[in-house]
Visitor: 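One structure, as structure tokens, below. Some questions next.
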Amino acid sequence: MGTRIALSPGGRAATLTVDSDIDDRARPGIEGAAARLPLTVRYLTLDLARVDFVDSSLLHVLRSVDRSVAGRGGLLRVRGLRPQPSRLLALAADLWPEARWEAYAAAAGPN
């Protein structure tokens, strides 16, 4: 359980796989793993295919990790959104459209 990181050859892309629910207890570990990525990483995929439940911590994780990756000129992608996390993002997009939450859901792709 927790998070795993896989770097591509050359270190320009990475996948951060989350293997547990995302709540306030999991959030620091996920954000910390993203912050420790080598500076060569420009493209980060956040793989949530094994995440069944999230609370508002997912929104904090997405904003924090996206800022970190964008700060180095990179791009965050989300993969494997399951139904409950997807519903949370849809609700957040309805409540705060200026935050562009739908961009994460649109980038999620199939499980």
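Source: prediction; values computed, not measured.
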Visitor: Where the side chain of R36 meets the backbone of G32, is there a donor-acceptor pair that is under 3.5 Å apart?
Guide: yes

Visitor: How about L81 and L89: do any of their side-chain heavy atoms sit closer than 4.5 Å?
Guide: yes

Visitor: Under a 4.5 Å cut-off applied to non-hydrogen side-chain atoms, are L46 and V65 in contact?
Guide: no

Visitor: State which residue, out of V51, I5, D47, fulfils the side chain to side chain contact (heavy atoms under 4.5 Å, CB included) condition with T17.
Guide: D47

Visitor: Over all heavy atoms of both residues, which pair between A14 and L37 is shortest? Give the atoms and the distance, please.
Guide: CB-CD2, 4.1 Å

Visitor: Does L62 reach the side chain of W101, with side-chain heavy atoms less than 4.5 Å apart?
Guide: yes

Visitor: How many angstroms lie between CZ in R42 and CG in L75, if you round to the nearest 0.5 Å?
Guide: 12.0 Å

Visitor: Decide whether S57 and D55 meet the rule of one side-chain donor and one side-chain acceptor closer than 3.5 Å.
Guide: yes

Visitor: Rounded to the nearest 0.5 Å, how far does CZ of R50 lie from OG of S20?
Guide: 11.0 Å

Visitor: Would Q84 and D52 count as a side chain to side chain contact (heavy atoms under 4.5 Å, CB included) if you check the C-alpha gap in whole Å, the side-chain angles of each, and the deciding distance to 0.1 Å?
Guide: CA-CA 7 Å; Q84 191 271 336; D52 290 317; over 6 Å; no

Visitor: Check whether L39 and V69 end up in the same hydrophobic cluster, where Ile, Leu, Val, Met, Phe, Trp and Tyr are linked by side-chain heavy atoms less than 4.5 Å apart.
Guide: no

Visitor: Measure the shortest side-chain to side-chain distance between Y43 and R12 over non-hydrogen atoms and say whether it is less than 4.5 angstrom.
Guide: yes

Visitor: With rounding to the nearest 0.5 angstrom, report the CG to CZ distance, L16 to R77.
Guide: 13.5 Å

Visitor: To the nearest 0.5 angstrom, please state how far the CZ atom of R79 sits from the OG1 atom of T45.
Guide: 5.5 Å

Visitor: Looking at R100, I want to see if its CZ is surrounded by more than 12 non-hydrogen atoms of other residues, nucleotides or ligands under 6.0 Å.
Guide: no

Visitor: Once rounded to the nearest 0.5 Å, what's the spacing between atom CG of L76 and atom OG of S68?
Guide: 9.5 Å

Visitor: Just how far is it from atom CG of D66 to atom CG of L44, taken to the nearest 0.5 Å?
Guide: 9.5 Å

Visitor: Can you name the closest pair of heavy atoms from E31 and V61 and give their distance?
Guide: OE2-CA, 3.8 Å

Visitor: How about V41 and R72: do any of their side-chain heavy atoms sit closer than 4.5 Å?
Guide: yes

Visitor: Among D21, L48, V18, V78, which residue meets the side chain to side chain contact (heavy atoms under 4.5 Å, CB included) test with L58?
Guide: L48

